[in-house]
Number of protein chains: 2
Amino acid sequence: MRPYSAYDSDTCSIARTLALIGDRWTLLVLRDVANGVRRFDELASHLGIARNVLSSRLARLAQAGLVERTAYREPGERERHEYRLSGPGRELIPILLAFMDWGDRNLAGPEGPPAVIRHAGCGARIRVALTCEEGHELGERPRLRMEPGPGSKVRSSGLPNGR
Amino acid sequence: MRPYSAYDSDTCSIARTLALIGDRWTLLVLRDVANGVRRFDELASHLGIARNVLSSRLARLAQAGLVERTAYREPGERERHEYRLSGPGRELIPILLAFMDWGDRNLAGPEGPPAVIRHAGCGARIRVALTCEEGHELGERPRLRMEPGPGSKVRSSGLPNGR
DNA sequence: CAGTATCCCAAGCGATACTG
DNA sequence: CAGTATCGCTTGGGATACTG
């Protein structure tokens, strides 16, 4: 069986996702949009991001289909635009919550976490968990095994340095 | 009730975590280390990362306590070093799996996912899921509510632009 | 093999000015 | 208000050379 490093690093869902949203600002933009910050200026002001950068991030997210840019008009007002998560965009929420969970546990001060996520229906806290499709409980230190999938790609090691 | 944008953007577990591991390479380094790639040269070669950058990332991760750098010596060999995830580092695994899950669903080609994670015990696939502490099932589009926690911080809007 | 140090470049970012 | 365009800088990163 091949070692992990025999497989191409870029042909990996983590690497691919990172290439799309793995820069300094994108995840924070998505966090804000997920929390109902919908207008350009409000995003810019809350995040403290440069306007051109925000513009380019929103454009990329819209093109990738993670965010929808829609026009609307409140009575008496002129037309405005707003940004919302699309379907695939909402599927990113576990990523945001996984970051939040880790930060809460490892980087929060003694006061406690800066924010709490609750189930809107019952008010209980939401957590990110790993589940086994057989239904087994996975404790704190689950034993995982990674194996190549159908889309795996072995590294073409023709070049001198194996790249 | 204050809108989300009234709270400081940096005082957020997502922002804090991102400040630590949210650059172009760190998560990939962690992915490799989590998969048993333990030696410097193997990491450098597999990732295609510049050696100085790898060096600085590993140093930061070691200092933050996410990765442990240990010396060891195989019989007859000279001393070597290896990198492994520490306890807090292993807690990052849900983040990695959340990225992987999203990429599998949204960025994989028709062949299927490049890799599969299984429960070492039973061989069933592992998924990332959101759970409610009351035990409610959370479907595809769970209704979540974010509320300020004890460590929340309202934006100090003394400056002209509200920063 | 396992790094560290140096050099240089380019992407990414911030500030600002401008347009609908 | 909601962006786009331009400019200049800073920093992250790549290549390479060097040391234990």
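Values in this document were obtained by computation on a predicted structure and should not be read as measured data. Every chain is numbered from 1 and lettered A, B, ... according to where its sequence line falls, protein lines coming before strand lines.
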Item to check | Exercise: do Arg69(B) and Tyr83(B) side chains pair donor with acceptor under 3.5 Å | outcome: yes

Checklist outcome for this item: Ser55(B) has its side chain closest, among dG3(C), dC1(D), dC13(C), to dG3(C)

Checklist outcome for this item: Closest to the 5' end of DNA chain D, once Arg69(A) and Arg57(B) are matched to their nearest nucleotides, is Arg69(A)

Checklist entry - Between Tyr83(A) and Asn52(B), which has a closest nucleotide on DNA chain D that is more 5'? => result Tyr83(A)

Checklist entry - Passes side-chain contact (heavy atoms from CB on, under 4.5 Å), Arg31(A) versus Leu47(A)? Steps please. => result CA-CA 10 Å; Arg31(A) 174 203 66 183; Leu47(A) 292 167; 3.6 Å; yes

Between [N] atom [atom2] and [X] atom [atom1], what is the distance in whole Å?
X: Leu54(B); N: dG14(D); atom1: CG; atom2: C1'; result: 13 Å
X: Phe40(A); N: dC1(D); atom1: CZ; atom2: P; result: 13 Å
X: Ile49(A); N: dA2(D); atom1: CD1; atom2: C1'; result: 15 Å

Checklist entry - Is a side-chain N or O of Asp101(A) found less than 3.5 angstrom from the main chain of Leu97(A), in a donor-acceptor match? => result no

Next on the checklist: Looking at Asp41(B) and dG3(C), is any side-chain donor or acceptor paired with a base atom of the opposite kind under 3.5 Å?
Outcome noted: no

Checklist entry - Would one find a side-chain N or O of Arg51(B) under 4.0 angstrom from OP1 or OP2 of dT19(D)? => result no

Checklist entry - Is any side-chain N or O of Arg24(B) closer than 4.0 Å to OP1 or OP2 of dG14(D)? => result yes

Item to check | For dG3(D), the Watson-Crick or wobble partner whose two distances fall under 3.5 Å | outcome: dC18(C)

Checklist entry - According to a 4.5 Å side-chain heavy-atom criterion applied to Ile, Leu, Val, Met, Phe, Trp and Tyr, with indirect links allowed, do Ile95(A) and Leu20(A) form part of one hydrophobic cluster? => result yes

